[in-house]
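In what follows, every heavy atom counts, from backbone to side chain, and hydrogens, waters and symmetry copies are set aside.
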Amino acid sequence: MVAQGFTVDLNKPLVFQVGHLGEAYEEWVHQPIVSKEGPRFFESEFWEFLTRTVWWAIPVIWLPVVCWCISMSVQMGHTPSEIALMVGFGIFIWTLLEYSLHRFLFHIKTKSYWWNTIHYLLHGCHHKHPMDGLRLVFPPAATAVLCVPFWNLVQLISTPSIAPALFGGGLLGYVMYDCTHYYLHHGQPSSGVPKDLKKYHLNHHFRIQNMGFGITSSLWDKVFGTLPPVKVVEKSR
């Protein structure tokens, strides 16, 4: 694949190649290669290992943390109905965060070497190789780092007894998001909401990448006017 005199060799580690594409990176990364076998990212086995995550690691690692957080608020005297409200609000906050990250960070336009490289690691690789099953969910180490500012934000907007359950709800929303995202790419829903969500998400990948940023729902696309035209979605069916 040639762009501006630079050839990306798909048989070699990609991460430190894609930056050389410059302004052509945006076009290159949105020309998907539909293969379940993902590319190699790094020469180093250690760094390569950190980029690969099986989907079931997400609930196994993070659901116990969710339960622990919720139990803290329970121990501080909150009733089951209050806990349900806090967790539900945490999930709601996550849906907005999910949309915002996808739209404003994951789809930022880049052209310099290092910004292209960073974008490829964050999200570009997923658009280039959308069926790579080991890079569909977020690596736990990276999630742990991102939990720190999210926890600080939750503490800032809530009380000490509410913060744990609210944070747990947000983390539960993340787990639901990552598992849903994996299913939309590799599951085969036959009807109902899952089938519609799959069509909606694959439309974002293969037809109109600058709209349809919701994963678990199209709520915020409707609110912020990034819902794909009906005719485009219908064609993907």
Peer 1: Consider only side-chain heavy atoms of I, L, V, M, F, W and Y, link residues closer than 4.5 Å, and tell whether Y177 and Y200 are in one cluster.
Peer 2: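 Hydrophobic grouping puts Y177 apart from Y200.
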Peer 1: Heavy-atom count check: over 12 atoms from other residues, nucleotides or ligands less than 6.0 Å from F224 CZ?
Peer 2: yes
Peer 1: Judged by atom type as modelled, is there a donor-acceptor pair below 3.5 Å linking the side chain of T226 to the main-chain atoms of K222?
Peer 2: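 Not confirmed, T226 side chain does not pair with K222 backbone.
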Peer 1: The criterion is side-chain hydrogen bond (donor to acceptor under 3.5 Å, both in side chains); which residues satisfy it with T110, sequence neighbours excluded?
Peer 2: N116
Peer 1: Y120 pairs by ring-ring contact (aromatic ring centres under 6.0 Å, His included) with which of F41, Y113, W115, W114?
Peer 2: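 Among F41, Y113, W115, W114, the one meeting ring-ring contact (aromatic ring centres under 6.0 Å, His included) with Y120 is F41.
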Peer 1: Restricting to ring pair (Phe, Tyr, Trp, His ring centres under 6.0 Å), what partner residues turn up for H129, sequence neighbours left out?
Peer 2: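 H129 satisfies ring pair (Phe, Tyr, Trp, His ring centres under 6.0 Å) with no residue once adjacent residues are dropped.
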Peer 1: Using the side-chain hydrogen bond (donor to acceptor under 3.5 Å, both in side chains) rule, take H119 and Y25 through it: C-alpha gap first, then chi angles, then the decisive distance, then the call.
Peer 2: CA-CA 10 Å; H119 180 267; Y25 168 76; 2.8 Å; yes
Peer 1: Using modelled atom types and a 3.5 Å cut-off, is there a donor and acceptor pairing between side-chain atoms of W94 and backbone atoms of G173?
Peer 2: yes
Peer 1: Report the residues that fulfil salt bridge (Lys or Arg N to Asp or Glu O under 4.0 Å) with E37, sequence neighbours left out, ordered by chain and then residue number.
Peer 2: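 Salt bridge (Lys or Arg N to Asp or Glu O under 4.0 Å) list for E37, sorted by chain: empty.
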Peer 1: Are M176 and V66 connected, step by step, through hydrophobic side chains (Ile, Leu, Val, Met, Phe, Trp, Tyr) whose heavy atoms are closer than 4.5 Å?
Peer 2: yes
Peer 1: Applying side-chain hydrogen bond (donor to acceptor under 3.5 Å, both in side chains), name anything that partners T95, two or more places apart in sequence or on another chain.
Peer 2: W220
Peer 1: Between H205 and Q209, is the side chain to side chain contact (heavy atoms under 4.5 Å, CB included) condition met? List the steps.
Peer 2: CA-CA 6 Å; H205 272 279; Q209 292 94 351; 5.9 Å; no
Peer 1: Go through K198 and L202 one step at a time and tell me if the side chain to side chain contact (heavy atoms under 4.5 Å, CB included) criterion holds.
Peer 2: CA-CA 6 Å; K198 183 179 177 76; L202 294 187; 4.0 Å; yes
Peer 1: Say you draw a straight line from CE of M76 to OG1 of T159; how long is it, rounded to the nearest 0.5 Å?
Peer 2: 8.5 Å
Peer 1: If you round to the nearest 0.5 Å, how far is CG of L171 from CG of L63?
Peer 2: 8.0 Å
Peer 1: Which pairs with one or both residues in residues 53-80 pass salt bridge (Lys or Arg N to Asp or Glu O under 4.0 Å), sequence neighbours excluded?
Peer 2: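 Salt bridge (Lys or Arg N to Asp or Glu O under 4.0 Å) check on residues 53-80 returns no pairs.
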Peer 1: Once salt bridge (Lys or Arg N to Asp or Glu O under 4.0 Å) is applied, what residue pairs with a partner in residues 131-140 remain, sequence neighbours excluded?
Peer 2: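 The answer is E48-R135, D132-R135.
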Peer 1: Any side-chain to backbone donor/acceptor pair from K128 onto Q31? Under 3.5 Å, distance only.
Peer 2: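 Checked: pair present.
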Peer 1: Tell me whether M72 is reachable from V175 by hopping between hydrophobic residues (I, L, V, M, F, W, Y) whose side-chain heavy atoms are closer than 4.5 Å.
Peer 2: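 The answer is no; the residues belong to distinct hydrophobic clusters.
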Peer 1: With rounding to the nearest 0.5 Å, note down the distance linking CG in D221 to NE2 in H204.
Peer 2: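 Output value for this atom pair is 9.0 Å.
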Peer 1: Holding to ring pair (Phe, Tyr, Trp, His ring centres under 6.0 Å), I want the full list of residues that pass it with H123, two or more places apart in sequence or in another chain.
Peer 2: H102, F106, H107, H126, H127
Peer 1: Nearest 0.5 Å please: distance from the CG atom of D178 over to the CG atom of L136.
Peer 2: 8.5 Å
Peer 1: Quick check against the 3.5 Å criterion: does E26 have a side-chain atom that pairs as donor or acceptor with the backbone of K109?
Peer 2: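 Here the side-chain-to-backbone pair does not exist.
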Peer 1: How would you list, by chain and number, every residue that makes a ring pair (Phe, Tyr, Trp, His ring centres under 6.0 Å) with F206, sequence neighbours excluded?
Peer 2: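 Once residues adjacent in sequence are excluded, F206 has no partner under the ring pair (Phe, Tyr, Trp, His ring centres under 6.0 Å) criterion.
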Peer 1: Measuring from atom CE of M86 to atom CD1 of I91, what distance do you get when rounded to the nearest 0.5 angstrom?
Peer 2: 14.0 Å
Peer 1: Under a 4.5 Å side-chain heavy-atom rule over Ile, Leu, Val, Met, Phe, Trp and Tyr, are V74 and F89 clustered together?
Peer 2: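 Yes, V74 connects to F89 through the hydrophobic network.
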Peer 1: What residue pairs, at least two apart or across chains, pass salt bridge (Lys or Arg N to Asp or Glu O under 4.0 Å) with a residue in residues 68-94?
Peer 2: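 Listed once each, the pairs would be none.
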Peer 1: Are more than 12 heavy atoms, taken from residues, nucleotides or ligands other than Y182, located less than 6.0 Å from that residue's OH atom?
Peer 2: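 More than 12 heavy atoms, drawn from other residues, nucleotides or ligands, come within 6.0 Å of this atom.
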Peer 1: List the residues meeting salt bridge (Lys or Arg N to Asp or Glu O under 4.0 Å) with K111, not counting sequence neighbours, and say none if there are none.
Peer 2: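 Per chain and number, K111 pairs via salt bridge (Lys or Arg N to Asp or Glu O under 4.0 Å) with E23.
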Peer 1: Kindly work out whether a path of hydrophobic side-chain contacts (I/L/V/M/F/W/Y, heavy atoms less than 4.5 Å apart) joins Y99 to I108.
Peer 2: no
Peer 1: Which distance, rounded to the nearest 0.5 Å, do you find between the CG of L227 and the CZ of F213?
Peer 2: 11.5 Å
Peer 1: Holding to side-chain contact (heavy atoms from CB on, under 4.5 Å), I want the full list of residues that pass it with S100, two or more places apart in sequence or in another chain.
Peer 2: L96, F104
Peer 1: If the test is side-chain contact (heavy atoms from CB on, under 4.5 Å), which one of V8, L14, N11 qualifies with P39?
Peer 2: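 It is L14, the one option of V8, L14, N11 that forms the side-chain contact (heavy atoms from CB on, under 4.5 Å) with P39.
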Peer 1: Using the side-chain hydrogen bond (donor to acceptor under 3.5 Å, both in side chains) rule, collect all pairs that involve residues 53-64, keeping only residues at least two apart or in two chains.
Peer 2: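 Listed once each, the pairs would be none.
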Peer 1: Could you verify whether a donor N or O on one side chain and an acceptor N or O on the other, from H181 and H201, lie under 3.5 Å apart?
Peer 2: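 There is such a pair (donor and acceptor under 3.5 Å, judged by atom type) between the side chains of H181 and H201.
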Peer 1: With distance as the sole test, does Q155 use its side chain to make a donor-acceptor pair with the main-chain N or O of P160 at under 3.5 Å?
Peer 2: no
